[in-house]
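One-based numbering along the sequence shown.
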Amino acid sequence: MPSLSVLSVFVPTFFLVSLTPGMCMTLAMVLGMTQGVKRALWMMLGELVGVGLVAFSAGAGVAALMLKLPALFALFKWLGGAYLVYLGWLMWRSRGRMAIPDNLEDTAPPRRRELAMQGFVTAVANPKGWAFFVALLPPFIDPARPVLTQLAGLILVILSLEFTCLLLYASGGKSLRHLLARGGSVRLLNRIAGTLMIGVGLWLALG
């Protein structure tokens, strides 16, 4: 495990980074708004698997190789971004399983696998995330100590902080839904959520 002196710097650093609005946090807020926090947990599961994979790759040196393959990243970015933009467009039009239905029985909710895949793709297809972990994670690893145990401990801390922030954003989205729903405007909620989702997709594809 990392030393206490390392953790005293590592924890606040990565908490602030995780808390900063980004693609995954925006996605958590959107799903908290349209699906509720409980169903958004499936997206969070996929996102955490993706973040863990990226963090492990960065610590193991694999990410440096991945960053040298721009064509692979471009494919991930465009496919993932296009899919999120498509979902956002459907939500903006109050259509599809991701949108808030006028009647809860009108539309079947999105499958758990679909939600998890959204989170995973958003985390893995973000080259800025890879570059961030490559730059920030290795300095916290002491080469004189067992690397794998240190890396496992740091990734566990990262995932805990990331999950906490995802819950905060999803809960904020749910609160926003309750606030706006007082006026009975389901279409407005869907358009806000759809616009945010389209923004995440464009951010992923063009960032």
Excluding sequence neighbours, so at least two apart, what forms side chain to side chain contact (heavy atoms under 4.5 Å, CB included) with [X]?
X: S8; answer: none
X: F15; answer: L19, L161, C165
X: I155; answer: A55, F56, L151, L159

| field | M43 vs L27 side-chain heavy atoms within contact, under 4.5 Å | value | yes
| Minimum side-chain heavy-atom gap I158-F133 below 4.5 Å | yes
If you round to the nearest 0.5 Å, how far is [atom2] of [Y] from [atom1] of [X]?
X: L48; Y: L53; atom1: CG; atom2: CG; value: 12.5 Å
X: L41; Y: E47; atom1: CG; atom2: CD; value: 12.5 Å
X: R39; Y: R111; atom1: CZ; atom2: CZ; value: 10.5 Å

| request: Would you confirm whether Q150, through its side chain, and R145, through its main-chain N or O, come within 3.5 Å as a donor-acceptor pair? | output: yes
| request: Carefully, step by step, assess L167 and M44 under the rule side chain to side chain contact (heavy atoms under 4.5 Å, CB included). | output: CA-CA 8 Å; L167 280 178; M44 298 179 199; 4.0 Å; yes
| T26: side chain to side chain donor-acceptor pair (under 3.5 Å) partners, not counting sequence neighbours | none
| note | Nearest heavy-atom approach of G50 to V124 is CA-CG2, 3.7 Å
| said: Please give me the minimum heavy-atom distance between A170 and A40, naming the atom from each residue. | reply: CB-CB, 4.4 Å
| ring-ring contact (aromatic ring centres under 6.0 Å, His included) with F163: which residues, sequence neighbours excluded? | none
| field | Partner residues of F120 under the ring-ring contact (aromatic ring centres under 6.0 Å, His included) criterion, sequence neighbours left out | value | none
| query | Pairs in or reaching into residues 161-172: which pass side chain to side chain donor-acceptor pair (under 3.5 Å), with residues at least two apart or in two chains? | reply | S18-E162
Pair up each side-chain donor or acceptor in residues 193-200 with any protein partner under 3.5 Å, not counting sequence neighbours, and list the distances.
from : atom 1 : to   : atom 2 : distance (Å)
T195 : OG1    : W92  : NE1    : 3.3
T195 : OG1    : R191 : O      : 2.7

